[in-house]
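Taking it in order: structure first as structure tokens, then the write-up.
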Amino acid sequence: MKKILGGLIMVFFLLMVGEVKALSFKEGEFLNGEYINKVKDGKTYYMTVQYIYRDDGKVVYCLEPFANFITGNGYIGYNFNYDGVTGLSKEQVRRIELLSYYGFNYHNRSDSKWYAITQYLIWKTVSNDDIYFTDKLNGKRINKYETEIKELEQDIANNEIKPSFVGQEVTVNYGDDVNLEDTNKNLNDYQVLGKINYNYQKEGNTFKISNVMQSGRIAFKRQHTLYNSNSFVYINSNSQNLFAPGNPREAELYLKLNVTAGDVELKIKDDDSVYSIAKDFSNTCYGLYNLQNELLDKVCTEQSLNYKSNLLKYGVYYVKQLSVGKGYEKDEKIYSFEINSRNEHIVLELQNKLIRNTIKINKKYCKKDVCSFEKNAKFNIFDEKDNLIGSIETDANGNGAMELGYGKYYGVQILGKEGYQYVDDFEFAIINGKDQLKYEFIDNLKLSDDKNNETVEDDTNDLEMLPPETGIDNVPSLKKIIINFLHEIINFMTILWKKW
């Protein structure tokens with residue numbers, strides 16, 4: 001009754017999980033000289049080992065020691081997910097798979113003794129009863145096939161040995177190669193599953209992966225080719241459960257690759273801190289290099305002012321300016337940085353600097369031989385396209401200044417001392433930032449009032465001009481000094497002549 005109920009459950013399970021096939025089986029030849037006994041609850045059972053055949057002529061094995069086998073059909077079989085239908089543990093089913101694969105008919109194991117050995121070891125796997133070989137039918141216990149059994153057990157043990165590197169996580173720097181040595185020396189028994197995004201090859205017991213550029217995993221599986229299909233389990237509620245050998249089911253094993261990488265972001269900054277209409281920020285380019293001075297990438301301002309590199313392996317890199325736009329100083333600085341586990345994203349701000357200079361004006365006004373600093377003199381400054389930029393106005397010491405960027409300019413005096421001539425318009429250029437742009441202007445008293453200049457209030461006494469404390473000494477002109485000197489000489493010579 002239990003077996004019938006169990007059979008119904010297993011049929012239902014088969015319908016749910018696998019392909020169901022109804023097959024028939026039959027008894028085959030007895031193996032002369034191959035005798036096995038079983039002792040259970042003090043009672044001894046004995047038999048001569050006999051082949052059991054599937055209807056296609058393939059041998060199968062009995063899973064229930066000494067249970068009745070009924071020739072015919074009524075069997076339901078499937079070849080995957082059969083761990084739960086046999087009443088055996090997963091470990092027991094796994095061992096039966098390997099015993100039936102490496103046992104009878106494996107390579108040179110075609111002798112009938114290997115069928116007896118395989119059946120004997122399967123029964124020893126599924127039962128705790130005392131099962132043993134005898135010298136004759138229901139004869140004495142003998143130790144038989146010890147060498148063959150040891151050989152088969154070794155094959156099973158070797159099957160469970162995996163390549164030494166599977167199941168591991170390997171850290172690899174972006175773009176590097178990986179060479180993994182299988183110290184267990186069975187790499188050739190495994191195949192790589194599916195289509196993977198890695199360039200790999202097996203050389204003996206070395207697994208080589210070149211130019212690793214992304215994290216991921218590689219699946220391995222032991223390959224078996226002796227049979228055309230996996231093993232089958234056959235269930236019959238009225239007869240012996242059977243097991244047909246096939247390629248053992250193997251688990252997928254994984255090698256995980258963790259790629260270490262980072263990137264660098266460049267933020268290229270223009271210089272708007274000083275005026276320039278002549279500047280041109282295009283053709284400002286930077287190069288990204290590794291420590292071997294290899295140019296990895298190039299970015300120019302025509303493309304973008306913000307750049308993000310492709311992934312870069314951990315290591316030290318540098319950025320340098322390759323070219324600079326019109327009107328800008330060449331940046332000679334080397335921007336070095338390191339990408340590592342603590343700094344995988346680097347941001348560099350590359351501030352460009354305009355060529356700049358300061359125009360300085362010193363303004364005086366003079367009456368006769370007396371000069372003084374001119375306060376509140378005003379000059380409008382224009383660029384080369386006649387745009388008014390701003391004004392320079394002198395202080396109490398006659399000084400005024402303005403910082404300007406690269407380009408050509410000109411100045412026009414628009415305000416000055418009442419009654420004094422304005423300076424002529426003047427031009428200047430800022431080309432390299434090193435030239436001295438210092439202008440000293442002197443306004444002289446007008447000879448006539450034919451020029452209609454805007455003026456400031458004249459607070460100087462026309463009869464007497466006294467310089468300010470920070471002003472210029474009132475000294476005779478050179479011409480007057482020479483004339484006075486000549487007069488002295490003439491007077492001296494006249495006195496000598498009269499005495500002579």
Side-chain angles (χ1 to χ4, degrees), residues 165 168-182 192 195-218 254-272 279-355 406 432-433:
F165 55 77
Q168 298 181 5
E169 292 188 11
V170 177
T171 299
V172 53
N173 214 351
Y174 179 82
D176 281 356
D177 299 337
V178 178
N179 294 328
L180 300 172
E181 185 72 21
D182 174 24
V192 175
K195 183 178 180 181
I196 63 174
N197 296 320
Y198 298 103
N199 183 18
Y200 71 92
Q201 58 181 337
K202 292 192 292 185
E203 292 186 2
N205 287 301
T206 302
F207 190 72
K208 296 184 176 182
I209 317 169
S210 60
N211 194 27
V212 181
M213 302 182 71
Q214 63 181 5
S215 297
R217 64 180 189 174
I218 300 175
Y254 296 97
L255 167 67
K256 187 173 182 181
L257 298 175
N258 293 322
V259 173
T260 57
D263 56 45
V264 61
E265 183 177 356
L266 305 182
K267 296 183 177 181
I268 305 173
K269 303 289 186 179
D270 197 356
D271 186 357
D272 296 322
K279 69 178 184 178
D280 184 359
F281 199 40
S282 62
N283 198 37
T284 299
C285 299
Y286 291 86
L288 172 63
Y289 294 83
N290 58 22
L291 280 185
Q292 289 72 45
N293 299 317
E294 296 172 326
L295 177 63
L296 304 179
D297 206 354
K298 178 181 178 181
V299 59
C300 296
T301 49
E302 296 97 311
Q303 302 164 331
S304 175
L305 299 183
N306 293 297
Y307 161 84
K308 187 174 182 180
S309 72
N310 294 325
L311 288 177
L312 301 170
K313 68 174 64 178
Y314 281 5
V316 178
Y317 302 85
Y318 67 89
V319 171
K320 71 175 182 179
Q321 193 176 69
L322 302 178
S323 61
V324 65
K326 180 182 177 182
Y328 292 83
E329 297 179 8
K330 181 72 165 62
D331 188 357
E332 302 294 346
K333 182 178 178 180
I334 300 297
Y335 298 88
S336 180
F337 60 92
E338 181 177 1
I339 295 177
N340 52 42
S341 59
R342 299 180 303 278
N343 298 289
E344 290 188 339
H345 181 63
I346 306 296
V347 179
L348 296 179
E349 291 195 356
L350 305 174
Q351 181 63 60
N352 286 267
K353 293 182 65 177
L354 269 171
I355 295 173
Y406 178 85
N432 54 31

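Any value given below was found using the heavy atoms of this structure, including those in side chains, with hydrogens, waters and symmetry copies removed.
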Quick one: does Ser309's side chain have a donor or acceptor within less than 3.5 Å of a partner on Asp263's backbone? no
Using a 4.5 Å cut-off on heavy atoms from C-beta on, say whether the side chain of Ile218 contacts that of Leu257. yes
How close do Glu344 and Ile339 get, counting heavy atoms only, and between which atoms? CA-CG2, 4.1 Å
Closest approach of Tyr406 and Lys326, non-hydrogen atoms and distance? OH-CE, 3.6 Å
What are the two closest heavy atoms between Ile355 and Asn432, and how far apart are they? CG2-C, 3.5 Å
Is Ser336 reaching over with its side chain to a backbone N or O of Tyr318, donor-acceptor style, under 3.5 angstrom? no
Under 3.5 Å, is there a donor-acceptor pair between the Thr260 and Asn173 side chains? yes
Do you know which two heavy atoms are closest between Glu329 and Leu354, and how far apart they sit? OE2-O, 3.8 Å
Run the salt bridge (charged side-chain N to carboxylate O under 4.0 Å, His left out) test on Lys308 and Asp297 for me, step by step, so that the C-alpha distance in whole Å, both residues' side-chain angles and the decisive distance to 0.1 Å come before the verdict. CA-CA 10 Å; Lys308 187 174 182 180; Asp297 206 354; over 6 Å; no
Side chains of Leu266 and Val319 in contact at under 4.5 Å (non-hydrogen atoms): yes
Spacing of Leu305 atom CG and Gln303 atom CD [to the nearest 0.5 Å]: 10.5 Å
Is there side-chain contact between Phe165 and Val170, with at least one heavy-atom pair below 4.5 Å? no
When rounded to the nearest 0.5 angstrom, what is the spacing between CG in Asn352 and NZ in Lys279? 10.0 Å
Distance from Ser210 atom OG to Asn199 atom CG, nearest 0.5 Å? 3.5 Å
Separation between CG (Asn179) and CD1 (Ile209), nearest 0.5 Å, reads 8.5 Å
Classify the side-chain pair Thr206/Glu181 by whether it contains a donor and acceptor separated by less than 3.5 Å. yes
Are the side chains of Phe337 and Tyr317 in contact, using a 4.5 Å heavy-atom criterion? yes
With sequence neighbours excluded, residues passing salt bridge (Lys or Arg N to Asp or Glu O under 4.0 Å) with Lys208: Glu203
Got Glu265 and His345 here, is their nearest side-chain heavy-atom distance under 4.5 Å? yes
Can you check whether Tyr174 and Tyr314 have ring centres sitting under 6.0 Å from each other? no
Specify the closest pair of heavy atoms between Val347 and Lys267, including all atoms of both residues, with the distance to one decimal. CG1-CE, 4.1 Å
For this output row, return yes or no: ring centroids of Phe207 and Tyr200 closer than 6.0 angstrom. yes
Without hydrogens or angle criteria, can the side chains of Ser282 and Asp280 be said to hold a donor-acceptor pair below 3.5 Å? yes
For the residue pair Asp270 / Gln351, report whether a side-chain donor-acceptor contact shorter than 3.5 Å exists. no
Using the test side-chain hydrogen bond (donor to acceptor under 3.5 Å, both in side chains), find all partners of Asn211 that sit at least two apart in sequence or belong to another chain. none
Taking C-beta and beyond as the side chain, do Asp176 and Lys313 meet within less than 4.5 Å on heavy atoms? yes
Heavy-atom closest contact (Tyr198 atom, Gln214 atom, distance): OH-O, 2.8 Å
Residues in side chain to side chain contact (heavy atoms under 4.5 Å, CB included) contact with Leu322, at least two apart in sequence or another chain: Cys285, Tyr289, Lys298, Lys320
Close side-chain approach of Val264 and Leu348, heavy atoms under 4.5 Å: yes
Are any non-hydrogen side-chain atoms of Tyr328 and Phe281 less than 4.5 angstrom apart? yes
Looking at Thr284 and Thr301, would you say the former's side chain and the latter's main chain have a donor-acceptor pair under 3.5 Å? no
So, taking the atom named OH in Tyr286 and the one named OH in Tyr307, what distance separates them when rounded to the nearest 0.5 Å? 14.0 Å
